[in-house]
Amino acid sequence: MNTWAIQQERVMERIEALSRIGKISPTGVCRLAMSPEDLEAVKVVMGWMEQAGLKTHMDAFGNVIGRLEGRDASAPAVMLGSHLDTQPYAGRFDGIVGVIGALEVAEVLQEQGITLDVPLEVVAFSDEEGCRFNKGLFGVRGLLGRLEEGELEREDKNGISRREALLAFGGDPERFAESQYAPGAVRAYVELHIEQGPVLEAGGHSVGVVTGISGPIWWTVDMYGFAGHAGSVPMFMRRDALVGAARVIQYLHELASREPQAPTVATVGSLQVMPDSRNIIPEHVRFTVDLRDMDMERRDRLERELRSFMDTTAGSLGLTYTIREDTVSEPRYCAERIMSTIRESAEEMKLELPELMSGPFHDALEMSRYCDYGMIFVRCKDGISHNPAEYASPEDIAAGTELLYRTALRLCSQPIATNSRLVSGMNKEA
């Protein structure tokens, strides 16, 4: 029998309650960023935060922030969190485990009458996924003053701009400046998340410590040809944008598959054909590119090869194209002091704690540019995620939440290392 502080039943009840918001199948969820479903989930979580004794608000970017003051209210806070928005064909655990786990940490502290040395913040970041407006990590980037020009004018598939969606959600572009965090307001960020991969399950481990997050490239590619009648234009005279896109997509797959043991992955997850008629030669095709790797030299080389192939392909088929870079990031490595703290907590719990990299990006990717960060992964059945079949067991989620709790207790009493994220060695800005 364990002597854990967290309440597994309460954690799972809350995860189950959120899974009913935007439910599309027995285990499937669709809760797109800044949608009515997302707002409903936010309001539920805000209610739980307030019940737990946290000072709670939604900021101008749509982030939900709950704060538990420490003895020194002016000290940099320890922040825990993740996100509530989902993919359109999602499971119940991605992001949710991190928010509910962080809330459980704060609630247990209150129940046990523990006053921390420094403040603790629980955050549900807005629009981590990026699937609605083709650019994610919106809330965390806003919090850190890292939004890019034109982001509010991005439109979803229904022509709704992010600005319109944000205003309907309760955010306010006019208040962005007052919602940004000043330098040094947070001393450490820790995110609990399902692994979204098969490594922990293959090794028989319930939890693991993350050592870093791979660097993603997200593009939106527009390829242009010329429309014509499908029955009358000879094959040798066609300028078919879909043929060009198909060749690029196949080449991207081959590029990422060259080294089977490498962590390189590439995906085209969205494709639109215009004018989208069976008897018209496609004139315009828009598709997305997602390329990730931990090895920057290899990722940059593959990017150059892909661009070269696109030039050659477009030239041979009489096409033109444009590339919009939606996201480009280098790999970001976790702070050694936080990984050590997680290891100490796991040893106290008598848990084996393997180390692993994260292929998916998380809100932690952006927080790494602001403060030391760490991540705890929870075992994910069959490595399935972004799918209604996504599953993490109550026991594994409880282990991860208890590990987060003990880690937070330690971090809230540690002295701040001077410029520690640079001393830890890996996250120097280019």
Side-chain angles (χ1 to χ4, degrees), residues 3-18 21 38-84 95-126 139-140 143 170-171 178-179 181-182 185-193 341 345 363 367 371 374 376 394 397-414:
T3 56
W4 292 356
I6 66 102
Q7 295 187 28
Q8 176 179 318
E9 184 176 347
R10 179 168 60 195
V11 169
M12 297 311 300
E13 284 176 353
R14 287 174 171 171
I15 291 173
E16 177 60 28
L18 289 176
I21 302 174
D38 191 20
L39 181 58
E40 183 180 350
V42 159
K43 289 180 178 178
V44 168
V45 170
M46 288 182 74
W48 289 335
M49 287 184 176
E50 290 166 356
Q51 291 170 22
L54 279 65
K55 184 178 179 181
T56 306
H57 73 284
M58 179 195 287
D59 71 9
F61 306 103
N63 300 313
V64 174
I65 303 171
R67 184 176 172 96
L68 192 62
E69 293 296 355
R71 291 186 181 89
D72 183 357
S74 65
V78 170
M79 180 183 284
L80 314 176
S82 193
H83 63 97
L84 297 173
I96 309 309
V97 167
V99 173
I100 299 306
L103 173 58
E104 179 67 14
V105 169
E107 190 151 11
V108 169
L109 288 169
Q110 291 284 74
E111 290 169 345
Q112 296 193 349
I114 297 173
T115 301
L116 300 170
D117 291 340
V118 303
L120 180 77
E121 293 192 345
V122 175
V123 182
F125 287 112
S126 176
V140 64
L143 196 76
E178 67 187 62
S179 289
Y181 273 34
V186 177
R187 61 158 56 188
Y189 174 74
V190 185
E191 184 166 351
L192 176 69
H193 208 283
T341 303
S345 300
D363 293 299
M367 286 303 297
C371 64
I376 297 167
I397 292 171
T401 303
E402 179 72 18
L403 183 56
L404 181 68
Y405 170 74
R406 298 186 186 213
T407 298
L409 280 176
R410 284 179 161 85
L411 289 175
C412 286
S413 62
Q414 285 182 359

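Please read all numbers here as calculations on a predicted model, not as lab measurements. Excluded from the calculations below are hydrogen atoms, water molecules and symmetry mates; all remaining heavy atoms, backbone and side chain alike, are included.
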What do the steps show when you test Tyr189 against Val140 for side chain to side chain contact (heavy atoms under 4.5 Å, CB included), and what is the final call? CA-CA 12 Å; Tyr189 174 74; Val140 64; over 6 Å; no
Given the rule in the side chain to side chain contact (heavy atoms under 4.5 Å, CB included) test, do Leu84 and Asp38 qualify, once you have shown the distances and angles that lead to the verdict? CA-CA 7 Å; Leu84 297 173; Asp38 191 20; 4.2 Å; yes
Are Arg187 and Val78 close enough, and set up right, to give a side chain to side chain contact (heavy atoms under 4.5 Å, CB included), and what steps lead you there? CA-CA 6 Å; Arg187 61 158 56 188; Val78 170; 3.6 Å; yes
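In terms of the salt bridge (Lys or Arg N to Asp or Glu O under 4.0 Å) criterion, residue partners of Glu16 (sequence neighbours excluded) are, by chain and number, Arg20. For Leu116, the side-chain contact (heavy atoms from CB on, under 4.5 Å) test picks out Leu109, Ile114, Leu120, Leu409, Cys412, with sequence neighbours left out. The side-chain contact (heavy atoms from CB on, under 4.5 Å) check on Arg10 picks up Gln7, Arg14, Glu104, Glu107, Val108, Glu111, with sequence neighbours excluded. Applying the salt bridge (Lys or Arg N to Asp or Glu O under 4.0 Å) test to Arg67 and every residue at least two apart in sequence or in another chain returns Glu69, Glu121. With sequence neighbours excluded, the residues that form a side-chain contact (heavy atoms from CB on, under 4.5 Å) with Ala75 are Asp72, Val118, Pro119. Residues passing the side-chain hydrogen bond (donor to acceptor under 3.5 Å, both in side chains) test with Gln112 are Tyr405, sequence neighbours excluded. Every side-chain hydrogen bond (donor to acceptor under 3.5 Å, both in side chains) that Thr341 has, sequence neighbours left out, goes to Gln414. Residues forming a side-chain hydrogen bond (donor to acceptor under 3.5 Å, both in side chains) with Asn63 (at least two apart in sequence, or on another chain): Asp59.
Atom CZ of residue Phe61 and atom OG of residue Ser126 lie 10.0 Å apart, to the nearest 0.5 angstrom. Atoms CZ and CG, on Arg406 and Leu411 in that order, are 14.5 Å from each other to the nearest 0.5 Å. Note that CD1 of Ile96 is 8.0 Å distant from CD1 of Ile15, once rounded to the nearest 0.5 Å. A distance of 4.5 Å separates OG1 of Thr407 from CG of Leu403, quoted to the nearest 0.5 Å.
Contact record, Thr401 with Val105: O-CG2, 4.2 Å, taken as the closest heavy-atom pair. Considering every non-hydrogen atom in both Pro76 and Val186, the closest pair reads CB-C, 4.1 Å. Ala60 and Ser179 get closest at one heavy-atom pair: N-OG, 3.1 Å. Nearest approach of His193 to Gly95, heavy atoms of both residues: NE2-N, 3.5 Å. When all heavy atoms of His83 and Asp363 are compared, the closest pair comes out as CB-OD2, 3.8 Å. Nearest heavy atoms, Ala398 versus Ile6: O-CD1, 3.7 Å.
Annotation: side chain of Met58 is in contact with side chain of Leu39 (closest heavy-atom distance under 4.5 Å). Contact annotation: the side chain of Leu143 approaches that of Phe125 to within less than 4.5 Å [non-hydrogen atoms, C-beta and beyond]. Here the side chains of Trp48 and Val122 are not in contact, with every heavy-atom distance at 4.5 Å or above.
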Which atom pairs, one a donor and one an acceptor, fall under 3.5 Å between side chains of residues 49-57 and the rest of the protein, sequence neighbours left out?
| from | atom 1 | to | atom 2 | distance (Å) |
| --- | --- | --- | --- | --- |
| Thr56 | OG1 | Leu54 | O | 3.0 |

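In this structure, Glu178 places its CD atom where more than 12 heavy-atom neighbours from other residues, nucleotides or ligands lie under 6.0 Å away.
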